[in-house]
Structures are given as structure tokens and as C-alpha cells.
Amino acid sequence: MKKNNFFVKKCASCLLLSLSLAACREDGAVSTLKEDKIFSLDYGTFEDELNVFNLNQANQINTSVAMRDGFFFIANGESKKIMEMNSYGDLLSLYYNEDVNPKPSFSNSVDVVSTTRKATAYPFNEISSIAVDSQKRLYVVDKFPVERQELDEKDDTVLSQIVLRFNEDGSFVDYLGQQGPGGTPFPLIRNIYVTDSNELVVVSFKKTGCEVYWFNADGYLLFKVPISRDNIPDPHDSKAVERFITLENVVPSYEGRILYIKADYSSSHMEGKIASQSGIDYDESLLFALDVESGTYSEPIIIPPYRESTVEGFGTEVHNIPYDFIGITDNGWMFFMVANEGGYDIQMVQASGSRILNRHLAMDRKKILYTAFNLSNTGILSSLNILGDKAQMSWWRTDSLIQAVIKN
């Protein structure tokens, strides 16, 4: 396939795979998922502690988490280190910048437990997203120092980020840029993913939309996919009403070379005897599957919005709020999330659009300074919550919930 064929669209019919909101919830109630608190972390500078600096400025916290096969990888951007831990909170390996971190205490020890731990020194600069493949090879988004960054004058975009690769033994391999090993830095990276074939997918966002870079298991570029408002289909495209498209997120499938694209659609709101635009109303959210190899879009699935009720005077107003698309599992369930007063609501949609589940995560968000969520390939939802006195790692066994639904 030629790489410039991604603007080819499959002719969309008027038929949409609509998901009924009434089918999402039983008797209007949303069940609460049980939270399992796995382990907690202290704050500090030791190898098994988090350093989040000023906890009163939560927006400066830059810590992310990835979970694979029951092992947790925590990228602590503030201390420029990555910790691998088991489900008991035991430190198994450490990747750290030795200019800002002390040497791990276990590195000089000769006891059996210490010799099973790994420590890798690397001069991290500004790490963010991480991913782990089936062979436990680690991928880390980092940023070049200013003197090595580039400017894309065409898009007026700073190219600054790269993806570091580490082998399963902890040794550094190389870094990937847009063209592959040693390539040009990426635009701002939203997230990185690894498929079941250990192919790396880098999702970058910039002013004009999104660019997705799809690499094979050896790190060589297979596809570069540009996605923007101009090439996302609108099945209800009409000149009678001006429609606005927001590209919310792009997530790859674990199996096959498919990108799932969520777009939110809004239209002008007209008022008065002489129609004049008075605002923008949210209309709907659609999810498309884009076949990377053929460049064709599937028929869209309608993603029902979250419905929030507020008291207005003597009545109640119901507002439709779009969910955020957070990921997909290897068995084809897509996860959407929205924050509310009692925590978060999760909407799980089967890729075929035939089934949908809604559940609630009860969390006191007023006590949480920062939350990093992760959806594993098997469907386990995890979160690292930065609290005032500690950091709490929790998970919700949404994988078990999905399996129960499939069996029934």
C-alpha cells in the first residue's frame, strides 16, 4: 500500500451501528466496580520511592504507569527513573538517571534477593509515556535537550520527543524517531502502544491533527498515518448545519493493523427570529476503525454520551457529555471514561458494537492530587493515585467482568 493513500475513505452509508443507552444500564443504575488496593509507595529519593516534588502543584506531576502480566512499570518523570514492581510492591528493576538519583542500595549487595534485581543507569531527560511488549522489552518516551530539538516550519511544530528502547535484561538498545532508529524527533507524543506482534505504535498530536507512526518489531517504519478533521468521515455531513469535528483520541488494535479513531461532533446552535449563531452544541461521538493497510474506514459506531443531571431553578437539566477514549483490550473491548462527582464512570463497548457495559469507579477525587490510569491488554484497569501522604496503586478486575459477560 502506498503511504499517501490514507485519505481514501470507504463510502459510508447512512446505517450506523447504534448502541442504545437504555441497554447500557439496568433500571437506570450503574453498578460500582470493586477496587483492589495492590500496594502503596512512600515519597522520597530511595530507589523504591516516588519523588513528586511539590504536592501542592498537582499539574506539575509527570508520572505514568503501565501494567503487563501482573508487573507494574512506573515512570517517575520528576526523578527521571522507572521502577518495575510486582503486585506486592517489591522492586524488581530500576532504570535511573544517576545524576539525580542515588545509586540503588541493592547494586552492591551479594544476597540472593538483591542479585535478582536489575539496575540500569541512563541519562533520562524528560520521560513521560511507557509501554512494555510481550518479551518485557521497555519503550520510554523521552525528550531531547533543547539544542537537539528541531522545528517543523511547515506545521510550526517543535520536534523534540523520541522513544527509547531497552531489552528485557535492562540494557539500552537505541532510540526511535519518525523514520526509525536514530530518526527525526516526533511531534508531541500523546501515547505509545505495543501490539500482540510487538509492533510499536506512536500516536503524536499537533495543531493540524494527529500523526500515527507504525513500526515493526525491529523498529523500522511500516506506516505513517495522517489523521485530521479533513479526512475523518461525517455520515451526517450537511450544508444546512455547520458541523465541527474534534479528534479526541486514536488507539491501535492489539490484533491486526487497525486504528480506532474517536471523533466528537458538534454543531452551531441558532436562536432568535433572525437565525444567528449563539453557541456550539455537542451532537454525538463516533468511533471509526481505520484499516492501516488499505486506508479504508469502517461504518462508525455511536458511543452513547454520559448523561449528567443538574438542578436548574425548579427543574432538572440533563447534559450530554462525551466520554474520553482510553484504550482497547486484545479481545476487542473498548474503554471510555468520564470524571464525575463520585469518581469516574467507565463505559466498555465491544468492537462489533453489539454489547456495552457501564460501571462506576468510586473515588474521592478531592483527596487525590493526581491520577495515572492504565488499561492492560487483558482488560485490567489500574491507577496510581498521588495522595497527600503516599501514592496508592489500585486495580479493578474489569477483565473478569468481561469474561463473565461473554460466558453468559
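Just so it is clear, the structure is predicted and the values come from calculations on it, not from any experiment. The first residue of the sequence shown is numbered 1, and numbering continues consecutively from there.
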Legend entry - From CA spacing to verdict: salt bridge (charged side-chain N to carboxylate O under 4.0 Å, His left out), Asp169, Lys118: CA-CA 8 Å; Asp169 63 0; Lys118 298 179 295 185; over 6 Å; no
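- The pair Glu49-Lys390 fails the salt-bridge criterion, with no side-chain N (NZ, NE, NH1 or NH2) lying under 4.0 Å from an Asp/Glu carboxylate O.
- When only modelled atom types and interatomic distance are considered, Thr63 and Asn76 share a side-chain donor-acceptor pair under 3.5 Å.
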Legend entry - CA sep, side-chain torsions, deciding dist, call: Phe223, Tyr213, ring-ring contact (aromatic ring centres under 6.0 Å, His included): CA-CA 6 Å; Phe223 306 98; Tyr213 304 83; over 10 Å; no
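- Using a distance-only test at 3.5 Å, with no hydrogens or angles considered, a donor-acceptor pair links the side chain of Asn101 to the main chain of Ser79.
- Glu199 contributes no side-chain N or O that, together with a main-chain N or O of Val194, makes up a donor-acceptor pair within less than 3.5 Å.
- Here the side chain of Ser285 pairs no donor or acceptor atom with the backbone of Ile303 at under 3.5 angstrom.
- Judged by the 6.0 Å distance and 45° axis criteria, Arg365 is positioned over the aromatic ring of Tyr344.
- Remark: Lys136 qualifies as a cation-pi partner of Phe71 under the 6.0 Å distance and 45° angle criteria applied to the six-membered ring.
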Legend entry - Evaluation steps, side chain to side chain donor-acceptor pair (under 3.5 Å), between Glu84 and Ser93: CA-CA 5 Å; Glu84 178 194 358; Ser93 59; 2.5 Å; yes
Inset, instruction - I would like to know whether Tyr96 and Phe124 meet ring-ring contact (aromatic ring centres under 6.0 Å, His included); could you show each step before the answer? - result: CA-CA 7 Å; Tyr96 69 104; Phe124 295 118; 8.9 Å; no
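- A salt bridge links Glu211 with Lys206; the closest basic N to acidic carboxylate O contact falls under 4.0 Å.
- Using a distance-only test at 3.5 Å, with no hydrogens or angles considered, no donor-acceptor pair links the side chain of Asp155 to the main chain of Thr208.
- Applying the salt bridge (charged side-chain N to carboxylate O under 4.0 Å, His left out) test to Asp36 and every residue at least two apart in sequence or in another chain returns Lys34.
- With a 6.0 Å cutoff to the six-membered ring centre and a 45° limit on the axis angle, Arg165 does not count as a cation-pi contact of Tyr139.
- The backbone N or O of Gly170 sits less than 3.5 Å from a side-chain atom of Thr120, completing a donor-acceptor pair.
- Look at Glu293 and Arg257 and you find a salt bridge, because one of the NZ, NE, NH1 or NH2 atoms lies within 4.0 Å of a carboxylate O, short of that distance.
- Asn191 contributes no side-chain N or O that, together with a main-chain N or O of Asn249, makes up a donor-acceptor pair within less than 3.5 Å.
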Legend entry - side chain to side chain donor-acceptor pair (under 3.5 Å) between Asp283 and Ser266, intermediate numbers included: CA-CA 5 Å; Asp283 292 334; Ser266 304; 6.0 Å; no
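- Between the side chains of Ser105 and Glu47, at least one donor N or O lies within less than 3.5 Å of an accepting N or O.
- Side-chain contact between Thr329 and Thr378 is absent, with no heavy-atom pair separated by less than 4.5 Å.
- For the ring-ring contact (aromatic ring centres under 6.0 Å, His included) with Tyr95, the qualifying choice from Phe166, Phe172, Phe73, Tyr122 is Phe166, the only one to do so.
- Classification of Asp399 and Arg397 as a salt-bridged pair holds, one side-chain N sitting under 4.0 Å from a carboxylate O.
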Legend entry - Step-by-step ring-ring contact (aromatic ring centres under 6.0 Å, His included) determination, Tyr260 to Phe325: CA-CA 10 Å; Tyr260 287 95; Phe325 184 25; 7.2 Å; no
